[in-house]
Amino acid sequence: MTEIFNAIKASAIRIRYAIENDDTGYSHNQNATGDVQLKLDIKSDFIIEEEFSKISTVKELASEEKEHVKPMHKNGKYLIGYDPLDGSSLADVNLSVGSIFGIYEDDYRGCNLKASVYVVYGPRVEIVIGYDGRVELHRLDADHEFHFIQLINLDNKGKLNSPGGTQKNWLPHHKEMIESIFADGYRLRYSGGMVPDLHQILLKGGGLFSYPATSDVPKGKLRMTFEVFPFAQIYELAGGQAIDGKQRLLDMTPEHIHDTTPCFFGSNEEIERVKLAYGN
Ligand code: AHG
């Protein structure tokens, strides 16, 4: 696993350089979900594939930017589901973006996730690793090395609310729940990038991030394999919870690697509120 974490760190340094120096415009290609790919999406995917190709324990890659899985090393043990540059459309307005990785064994079910990692490219580059019962924060220093900073643990209740999805398409029970959370004094924090939004909640002690089912996207927007399961594991390891409204996200099985799901990540009190609002 250390080799895999090191490959992620090496790709993060290269992707950071691309974000700072490359064209942030669109390419002429679409990914499997029909999103037009940015040149930075394609470049980040290429960098990650190149770094993982050097690691013999990596059996297969599933990227948000590739329609099909990509075989790597036949005798490898791990399957890696990743979003090379999440929130990439925020790069041209200079907001934070991220890379997300789930390291699986056997298949891409939530229960087979062995470790999760994300990288935040913000004013500083940080990497968060959920593995072996804990969540660690590391930061890139001027010497181009990542250094351990601290363990991350959520409080039982937070103060931040990050409500995703198009508001006019929220379902009535969801709208009511979000309004009642704000009525209780929670503050809005939503950049439109799940990596910095979820990172903020983790580091400020707690709160709620939601990307619900809406009338236009009944299965939500965020993808299980590349985005949702890795953050679900990190939130659980940090002492919080991650559900789809009713069930635990890590108990879910995607039928296809690009499947999406409604999702709620948060500290315990906020997730208990979601369960009540969603009829549990
Ligand atoms: P993408 O990588 O395709 O830009 O998607 C980003 C994701 C996620 O990071 C964020 O939480 C969500 O899309 C934002 O979606 P909305 O624009 O619908 O709020």
Side-chain angles (χ1 to χ4, degrees), residues 12 15 18-19 22 24-27 29-48 62-67 81-102 116-122 126 128 160-171 174-175 178 188-202 207-232 234-235 242-245 249 257-266 274:
I15 292 170
I19 294 168
D22 285 13
T24 58
Y26 284 95
S27 71
N29 307 334
Q30 284 191 352
N31 67 15
T33 328
D35 303 325
V36 180
Q37 291 172 306
L38 279 103
K39 291 176 196 164
L40 277 174
D41 289 319
I42 298 169
K43 174 94 167 255
S44 305
D45 193 26
F46 173 82
I47 289 171
I48 291 167
S63 165
E64 186 186 305
E65 302 304 334
K66 293 184 195 349
E67 184 163 0
Y82 65 99
D83 183 352
L85 200 60
D86 184 79
S88 52
S89 63
L90 300 173
D92 65 345
V93 292
N94 207 14
L95 284 174
S96 298
V97 293
S99 303
I100 313 167
F101 303 85
S116 299
V117 179
Y118 67 83
V119 184
V120 195
Y121 309 98
E126 294 186 330
V128 172
L160 306 181
N161 190 18
S162 304
T166 308
Q167 297 190 15
K168 99 175 160 63
N169 299 325
W170 283 352
L171 303 176
H174 182 78
K175 185 170 187 295
I178 295 294
L188 172 67
R189 292 290 183 272
Y190 192 74
S191 74
M194 75 181 300
V195 174
D197 289 338
L198 283 163
H199 190 59
Q200 180 167 201
I201 291 172
L202 277 171
L208 179 67
F209 174 97
S210 45
Y211 206 105
T214 54
S215 55
D216 56 334
V217 278
K219 291 190 170 170
K221 173 182 181 188
L222 301 176
R223 298 91 176 166
M224 291 186 218
T225 309
F226 322 118
E227 297 166 318
V228 170
F229 290 162
F231 270 110
I234 285 170
Y235 265 64
I243 62 171
D244 74 343
L249 289 164
I257 52 163
H258 292 279
D259 282 355
T260 62
T261 177
C263 52
F264 300 83
F265 307 88
V274 176

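Just so you know, ligand 1 is whichever comes first in the structure, and atom 1 is the first atom listed for that ligand. Side chains included, hydrogens not; waters and symmetry mates left out as well; all remaining heavy atoms used. The first residue of the sequence shown is numbered 1, and numbering continues consecutively from there.
Residue contacts with ligand 1 for F226 are absent, since no atom lies close enough (heavy atoms, distance under 4.0 Å).
Of the protein's heavy atoms, G192 O, 3.3 Å lies nearest to atom 10 (C) of ligand 1. Regarding atom 9 (O) of ligand 1, its nearest protein heavy-atom neighbour is D86 OD2, 2.5 Å. In terms of protein heavy atoms, atom 1 (P) of ligand 1 is closest to G87 N, 3.7 Å. Counting protein heavy atoms only, atom 3 (O) of ligand 1 is closest to D35 OD2, 4.0 Å.
Side chain to side chain, T261 and D244 fail the donor-acceptor criterion of an N or O pair below 3.5 Å.
Taking only nitrogen or oxygen atoms, main chain and side chain alike, E227 does not reach within less than 3.5 Å of ligand 1. Checked by distance only, ligand 1 and V195 stay at 3.5 Å or farther apart across all their nitrogen or oxygen atoms. Annotation: Y190 places an N or O atom under 3.5 Å from an N or O atom of ligand 1; distance criterion only.
Among R223, E65, K221, the residue whose heavy atom lies nearest to atom 17 (O) of ligand 1 is K221.
Set against the non-hydrogen atoms of L222, the atoms of ligand 1 under 4.0 Å away are 7 (C), 8 (C). Close contacts between ligand 1 and G193 involve ligand atoms 9 (O) [criterion: under 4.0 Å to a heavy atom]. Counting the atoms of ligand 1 from 1 in the order shown, those under 4.0 Å from a heavy atom of Y211 are 15 (O), 16 (P), 18 (O), 19 (O).
Between D22 and K43, at least one side-chain nitrogen of the basic residue sits less than 4.0 Å from a carboxylate oxygen of the acidic one, meeting the salt-bridge criterion.
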